[in-house]
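None of these values were measured; they are calculated from a predicted model. Here is the naming used below: chain letters follow the sequence lines, and residue numbers restart at 1 for every chain.
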There are 2 protein chains.
Amino acid sequence: MTTESKAATASAAPAVSAPLPLTERQEARRRRILDATARLAVRGGFDAVQMREVAESSSVALGTLYRYFPSKIHLLVATMQDQLQQLHGTLRKRPPTEEEPAARVAQTLMRAFRAMQREPHLADAMVRALTFADRSVSAEVDTVSRLTTAIILDAMGLAGPPTPAQLSAVRVIEHTWHSALITWLSGRASIAQVKIDIETVCRLIDLTSPSTGNCQEV
Amino acid sequence: MTTESKAATASAAPAVSAPLPLTERQEARRRRILDATARLAVRGGFDAVQMREVAESSSVALGTLYRYFPSKIHLLVATMQDQLQQLHGTLRKRPPTEEEPAARVAQTLMRAFRAMQREPHLADAMVRALTFADRSVSAEVDTVSRLTTAIILDAMGLAGPPTPAQLSAVRVIEHTWHSALITWLSGRASIAQVKIDIETVCRLIDLTSPSTGNCQEV
DNA sequence: ACCCAGTCTGAAACTTGTTCTAGATTAGCG
DNA sequence: CGCTAATCTAGAACAAGTTTCAGACTGGGT
């Protein structure tokens, strides 16, 4: 039908930053792969996503799967990107209702958390991949990180651009978010505990708000 | 020479909480294994710690290695426990010099961070194992977590027992510590950035100090 | 219509974590 | 000392991620 050209040679992944011209069939393959991955992950988490199964399940040869995603970690991080994008869309449509930035961020993260609770195995696969990723995946992980940052900044509902202090706070919130998820996924923290941790770290935002009580004495 | 008894059947690991009566030779084997693991990790990080190599390098059969540590993750988490214990000892001898609790904690974590910078590969192996660990390792990971908490509380130099708010802050600090380490290890954050993140999150401690400026308005 | 470069497929091979087995050792005990 | 259960060893076997390769397929350029 269409053009099956030379694209997608080095890294077929980025899709956002540099959507190398993929033909329709290639785009379709990529999507089949990501969908199959999510499907398998929903069933049994990280371990259930087996490269041979993903390949078979998306009607693609194993070698092709590896051409699109150079490792299982790459594949799962790309899946996370995919899911985050959907989440970001959803959140844009229904922004947080709270007034204060800190509360808005906490509310948003709790929504995201609830989404993960709905598919804990999928969350497991994605989060484990994200934190296990080594340097060879840093570009992709960075994309995910930027997406997360964007979601949090969105939630804050700032008027102007964020201050450096605010960006620092957001970084720490992200750290806490990832790590808290991990403790929950590995059964070492309850849902309630994660909620508390999120609310605790969100107080950092208050410290950076120029209008409200910024009373550090450093 | 000594007694090689039936101990160490189920989990030969705990060593702290329930040091199942190991014979001297068993204790020696365990130590050889942990030392060999650290040696290999120092050279090449997570990937360089290969179970066959660890076994050979510590003069133990592969099956025996697996009897002592049921998986590579268990082994590396135990190694982390081991290293943390040493660190805790060192820190007790030279407590932080700062006055304010927040600064003391930041100083202590930066010391720990400097220790990791000295052996980044070892840090990589341990931290990756820690965050990749699944439920089957939660007991051991929990031990590590409690050790970390103890180190931070020590650093705060509190008079009485910590308040719930302080414990929450410590949890978030731990989250940030782990996650920041990961971003550094995977080359996505500079040393300076990690320092900033640590200092940022340590401000949470100020929020919990009953004497100093606790001015949240929530 | 033909050719070339780049893709995709199917299958085998290789690596490393993990499990299993049979036999040698060791240790607690009468 | 000799018995028995637990432990240790050596090595094969298995599982899943990753690599490799020969051959079929695709599509644009001539």
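Under 4.0 angstrom from either OP1 or OP2 of D/dC8 there lies at least one side-chain N or O belonging to B/Gln26. Look at B/Tyr68 and you won't find any side-chain N or O under 4.0 angstrom from OP1 or OP2 of D/dT7.
Residues satisfying the side chain to side chain contact (heavy atoms under 4.5 Å, CB included) criterion with A/Val42, sequence neighbours excluded, are A/Glu119, A/Leu122. By the side chain to side chain donor-acceptor pair (under 3.5 Å) test, B/Ser71 is found to be paired with B/His74, residues two or more places apart in sequence or in another chain being considered. Residues passing the side chain to side chain contact (heavy atoms under 4.5 Å, CB included) test with B/Arg104 are B/Pro96, B/Glu98, sequence neighbours excluded.
Regarding A/Arg32, its CZ atom lies at a distance of 11 Å from the C1' atom of C/dC8, rounded to whole Å. For the pair B/Glu24 CD and D/dC8 C1', the interatomic distance rounds to 18 Å; values are reported in whole Å. Between the P atom of D/dA15 and the CD atom of A/Glu53 lies a distance of 14 Å, rounded to the nearest Å. Residue B/Leu65 contributes atom CG, which lies 16 Å from atom P of C/dT16 at whole-angstrom precision. Atom CZ of B/Phe69 and atom P of D/dC8 are 12 Å apart (whole Å). Summarising the geometry, the separation between CD1 on B/Ile33 and P on D/dT7 is reported as 14 Å, rounded to the nearest angstrom.
Sorted by first and then second residue, the ring pair (Phe, Tyr, Trp, His ring centres under 6.0 Å) pairs involving residues 112-132 of chain A (not counting sequence neighbours) are A/Phe113-A/Trp184, A/Phe132-B/Phe46, A/Phe132-B/Phe132.
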- How does protein contact run along nucleotides 17-22 of chain C, one letter per nucleotide 5' to 3', with B for base contact, S for sugar-phosphate only, - for none, heavy atoms under 4.0 Å? BBB---
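Looking at B/Glu199 and B/Arg203, no side-chain N of the basic residue comes within less than 4.0 Å of a carboxylate O on the acidic one, giving no salt bridge.
When each of C/dC8, D/dT9, D/dG27 is scored by its nearest atom to the side-chain atoms of A/Arg25, the top-ranked nucleotide is D/dG27.
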Side-chain donor-acceptor pairs under 3.5 Å in residues 54-63 of chain A, sequence neighbours left out?
| residue | atom | partner | partner atom | Å |
| --- | --- | --- | --- | --- |
| A/Ser57 | OG | A/Arg39 | NH1 | 3.2 |
| A/Ser58 | OG | A/Val54 | O | 2.6 |
| A/Ser58 | OG | A/Ala55 | O | 3.4 |

